[in-house]
Amino acid sequence: MNRSEESRGVRSRETDGGAIHYMDLRGEICPMNWVKTKLRLEELDPGEPLEVLLDEGEPIQNVPRSARSEGHKILNLKREGSYYRVLIERGHLSHGT
Amino acid sequence: MEIPFVHLDNLETVAEELDEVGLKLGACGPRFRVITACQGVSICNHGLGDTESLAKKIDERYYGRSGLPHKFKVGIAGCPNACIKPQENDLGFMGVAQPILDESNGAECISCGICEDVCPVKAIQLVDGKPQIDLTRCINDGKCINSCPTGSLRPEREGWTVFVGGKFGKHPQLGWVFDRFVSEEAVELVERILGAYCRLAHKRERLGELINRIGLEKFREAVQSEQV
Ligand code: SF4
Ligand code: SF4
C-alpha cells in the first residue's frame, strides 16, 4: 500500500445510525447502475443513506457524480479491491414522486 | 458535404435552392474555410469549452473571407481529447481547465481518491487525504473536476489553448502552442493572427510555412503589434 492508498477514506463522515439501505451494483453497466440508484434514492426520505457497491472504471466515475448533480450527497466512497463502496445521502430536492 | 457533377449553367439555381434551406456554398481556394468544431460542453460529457458559440462568432466574422495568402482552416475542440484535431489546423482552439481543491461552499473532500484514479497523467496524489496536484504534469483535461463526487475540485483557470500553424496534406505538421487559457480575447486573437499572417506571408504560403520561415517568436511579436 503506498502513501496515497493509506491516505484514502480518512475523512469519511459517519451517519446518525438508522437502517442503511443497500444495493450491490457490481456487474451492472452504465447507465443501468445509475437508473437503479436513482429509483432507489427516490423511494427514500430526505437525509436517509443508501449504500451501493460499484465497479471501478466508468461506474465509479459516473454514478456518484450523477447523484451529486441531482442534489444527493456523497458521504463516503472507499475502494475495496476492484470495486467501491459508496454511501449516498438522499437529497432534499423532490423528484416528483 | 460535396455535390458532384453540377453543371456550370445550373450553379446559380443550385445556390439559390441551397439558400432556401439555409445552406451556403463552401469556400475553396485561398480563403477562410469552413470552421470545424466538436459538440463541446453542451452535449459531450468531456467537454470543457463552448465550441458552438466560439465557432459561430468566428464563422460570422470570417467565413469565406478572401484575399488571404493561402487557405486558412480553423478547428475547435472542446477538450484535450482533441477529437476535431485542432493541432492540424492553421488555427486551433482546445478547451482546457486547470483544477484546484476548493472546499468552500460545503464541498468537503472525502478522500475517496477518484481524482487520483481518473487522472490520465498521474498528476494527482492524495497526501494526508487531500489531492495534491502537480501542475507541471497536468494536461488540463478537467477529468478530475468532472469526476469528483463531492464537487471539491473546481477550475482555477479555464479557456482555450491556441495552436497556430498546423496543417495536413503532403507535408503535414502539428501546430505550435501560441497561448493558453485564452477566453474573452479569442475572437480578437483571430483578427490579430489573421492580420499578421496576411502582412507577412508570401503568396501561397500557409501559416505553418510562414512560421517555419520566420520562427514562432517573430510571429508572436508580429501578432502582438497588430492593431485591431
Ligand atoms: S475526487 Fe474529490 S472528494 Fe475524492 S479525493 Fe479527489 S477531491 Fe477529494
Ligand atoms: S485536469 Fe486532467 S490531467 Fe490535470 S490533474 Fe485533473 S485529471 Fe489530471
Side-chain angles (χ1 to χ4, degrees), chain A residues 1-15 25 29-31 33-34 37-38 41 47 49-93, chain B residues 41-48 78-81 97 99-155:
Chain A
M1 202 187 262
N2 62 31
R3 187 162 169 215
S4 140
E5 290 286 325
E6 270 170 37
S7 175
R8 291 184 184 204
V10 296
R11 254 165 258 266
S12 57
R13 266 168 261 154
E14 297 296 321
T15 54
L25 294 170
I29 56 162
C30 300
N33 43 22
W34 166 235
T37 305
K38 181 180 156 82
L41 282 165
L50 169 68
E51 187 174 77
V52 292
L53 300 188
L54 291 164
D55 288 318
E56 61 186 356
E58 296 262 306
I60 194 60
Q61 290 171 35
N62 292 335
V63 176
R65 176 181 57 177
S66 302
R68 192 180 91 83
S69 72
E70 297 217 351
H72 306 293
K73 191 164 186 177
I74 308 301
L75 298 178
N76 195 10
L77 198 160
K78 215 169 161 29
R79 184 190 262 279
E80 297 188 353
S82 64
Y83 64 91
Y84 289 80
R85 188 177 294 273
V86 185
L87 193 61
I88 310 171
E89 183 185 276
R90 161 71 148 103
H92 292 263
L93 297 174
Chain B
V41 74
S42 54
I43 293 178
C44 178
N45 260 343
H46 305 287
L48 301 170
C79 81
N81 282 349
I100 188 173
L101 180 71
D102 178 0
E103 298 181 278
S104 57
N105 301 319
E108 197 188 328
C109 166
I110 55 170
S111 309
C112 66
I114 297 286
C115 51
E116 183 180 313
D117 292 345
V118 299
C119 178
V121 295
K122 302 206 181 325
I124 300 187
Q125 227 204 340
L126 290 202
V127 177
D128 298 328
K130 301 276 166 169
Q132 243 180 34
I133 307 168
D134 178 355
L135 292 178
T136 60
R137 297 180 85 131
C138 174
I139 56 164
N140 308 115
D141 67 354
K143 269 202 115 176
C144 53
I145 301 170
N146 284 336
S147 314
C148 171
T150 56
S152 314
L153 294 167
R154 68 164 172 86

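So you know, we letter chains A, B, ... as the sequences are listed, proteins then strands, and number each from 1.
- Rounding to the nearest 0.5 Å gives a distance of 9.5 Å between CD of A:Glu58 and OG of B:Ser147.
- When every heavy atom of A:Ile60 is checked against every heavy atom of B:Ile114, the shortest pair comes out as CG1-CD1, 3.3 Å.
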Assess whether side-chain contact (heavy atoms from CB on, under 4.5 Å) is satisfied between B:Asn45 and A:Gln61, documenting all intermediate values.
CA-CA 12 Å; B:Asn45 260 343; A:Gln61 290 171 35; over 6 Å; no
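- In this structure, A:Ile74 and B:Pro149 approach most closely via the heavy-atom pair CG1-O, 3.2 Å.
- Atom CG of A:Asn62 sits about 10.5 Å away from atom CG of B:Asn146, to the nearest 0.5 Å.
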